[in-house]
Amino acid sequence: MTTVNLLDFDLEGLAAFCEKLGEKKFRATQLFRWIHQRGASDFTQMTDLAKSLREKLATTARVEALPVVTQHESKDGTIKWLFDVGDGNAVEAVFIPEDDRGTLCVSSQAGCAVGCRFCSTGHQGFSRNLNTGEIVAQLWFAEHLLRKHLKRNERVISNVVMMGMGEPLQNYSALVPALRTMLDDNAYGLSRRRVTVSTSGVVPMIDRLGTDCAVAMAVSLHAPNDALRDDLVPLNRKYPIAELLEACKRYLAYAPRDFITFEYCMLDGVNDQPEHARQLIELVRKHDVSCKFNLIPFNPFPASGLLRSPQPRVLAFAKTLSEAGLVTTVRKTRGDDIDAACGQLAGDVKDRTRAAERMAQRRATESPIVMHPARKTIPQEH
Ligand code: SAH
Ligand code: SF4
């Protein structure tokens, strides 16, 4: 008999599942806490549930994480996991520790259909949507592994950014229950302000997210005019900049923060000139969107044919925006020694092969693999 993976459910879904088993709804809350707050996957551990329920669960349900293919730890503490999602596909999640927070960058799809020119996931093409359980499994696994690893009882991951592989708003029906689980006080209890959906601009879904599950929003803008954005982010041909910015404005009525973050990947000679900064200023003034800019140094990969803007140009661009009153930050690149930086998440089988080569070269900087308990063999990386 096939069993149901309980990571697929938000609390409401789990309550419906419990009702189907003939159980009271409140049992779902207990079960949800065991799974997400305590990281339990074995029903026999859940001692405050009636034995009859545990028995029913044992035959109908499971709590199943994703198999880990590799774990790499950067010198700066960033950890990247590659998870197997079957059929030769893999997705990545990246943990970024900082003094005041721990951020997990989560994937929503294997590959991506948007095909942005500067993104290695985009170059890889689209394989499939992740289901809710596969999105949540990245957080479930990372949070509980890190707690064990760091010997901490309290929360390690305080922020989630949907900035891994894939376009989250093109996988909307799986995304929303995953976000609800992240926010639920009986699960991870993350603040809405600390869960960010990053999108290349799927306008109708921006509107839906506002009413279904408003969280912080980052929009990958990357260009100040449609001609250039059409070329860099092909989805712009469907939802041009003006429509996108109007959707951002509407979203602000629901958003937990009073601004949208615009991500802008700095590409040498392509979108990093003073005239582009001026056009951007005009654009956000015209649409009157409350926003912050986050300039991202481009992480190059050979197939893109693009180069990173030199740092002085990035700083000059930031200065122009700031002087016009736009709050602008330049993203620190983290984990680039393990290819965990933005846009370096490829995650296909080819990448795994390359990962193995890279690992061989970088043994000195990598930490021992800490595999999740379900995995039977511990790969010998060292
Ligand atoms: N699909 C969503 C979220 C995943 S991409 C989106 O596009 O927003 C997360 C962020 O990484 C986006 O801002 C994206 O533009 C950026 N990015 C992609 N490739 C990059 C690269 N090679 N260098 C730097 N940033 C990149
Ligand atoms: Fe997809 Fe985002 Fe990469 Fe564009 S930048 S191809 S939308 S993952």
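In each ligand, atom 1 is the first atom listed, and ligand 1 is the first ligand listed.
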If only side-chain N and O atoms count, and only distance matters, is there a donor-acceptor pair under 3.5 Å linking [Y] with [X]?
| X | Y | result |
| --- | --- | --- |
| Asn294 | Thr329 | yes |
| Gln30 | Arg27 | yes |
| Arg62 | Asn5 | no |
| Ser41 | Glu64 | no |
| Ser198 | Glu263 | yes |
| Tyr264 | Asp272 | no |

[X] neighbourhood, listing ligand 1 atoms whose heavy-atom distance to it stays under 4.0 Å:
| X | value |
| --- | --- |
| Met162 | 3 (C) |
| Cys265 | 23 (N), 24 (C), 25 (N) |
| Gly166 | 1 (N), 2 (C), 3 (C), 4 (C) |

request  = Let me see the working for His276 and Phe317 under ring pair (Phe, Tyr, Trp, His ring centres under 6.0 Å), right down to the final yes or no.
outcome  = CA-CA 9 Å; His276 297 124; Phe317 201 91; 7.4 Å; no
ask   = Quick check: does Cys116 put an N/O/S atom under 2.8 Å from atom 4 (Fe) of ligand 2?
value = yes
From Ser120, Gly164, Ser198 - option closest to atom 4 (C) of ligand 1 by heavy atom = Gly164
task = Name the option, out of Pro300, Gly201, Ser220, Ala218, that contains the heavy atom nearest to atom 8 (O) of ligand 1.
result = Ser220
Please write down residue, atom name and distance for the protein heavy atom closest to [atom].
| atom | result |
| --- | --- |
| atom 2 (Fe) of ligand 2 | Gly166 O, 4.4 Å |
| atom 3 (Fe) of ligand 2 | Cys119 SG, 2.3 Å |
| atom 1 (Fe) of ligand 2 | Cys112 SG, 2.3 Å |

query = Side chain of Arg250, backbone of Gly210: donor and acceptor closer than 3.5 Å?
reply = no
query = Does Gln109 use its side chain to pair, donor to acceptor, with the backbone of Pro168 at less than 3.5 Å?
reply = no
Contact partition for [X] relative to ligand 1, non-hydrogen atoms under 4.0 Å:
| X | value |
| --- | --- |
| Ile296 | side chain |
| Cys119 | both |
| Thr199 | backbone |
| Glu263 | side chain |
| His222 | side chain |

Close-contact set for ligand 2 against [X] heavy atoms, below 4.0 Å:
| X | value |
| --- | --- |
| Gly122 | 6 (S) |
| Gly115 | 6 (S) |
| Ser200 | 7 (S) |

request  = Could you check whether the rings of His144 and Tyr188 sit parallel, tilted or perpendicular, using 30° and 60° as the cut-offs?
outcome  = tilted
request  = Please work out whether the ring planes of Trp81 and Phe95 are parallel, tilted or perpendicular, with thresholds of 30° and 60°.
outcome  = tilted
key: ligand 1 contacted by Cys116 (non-hydrogen, < 4.0 Å)   = no
key: Check: Phe118 N/O within less than 3.5 Å of ligand 1 N/O   = yes
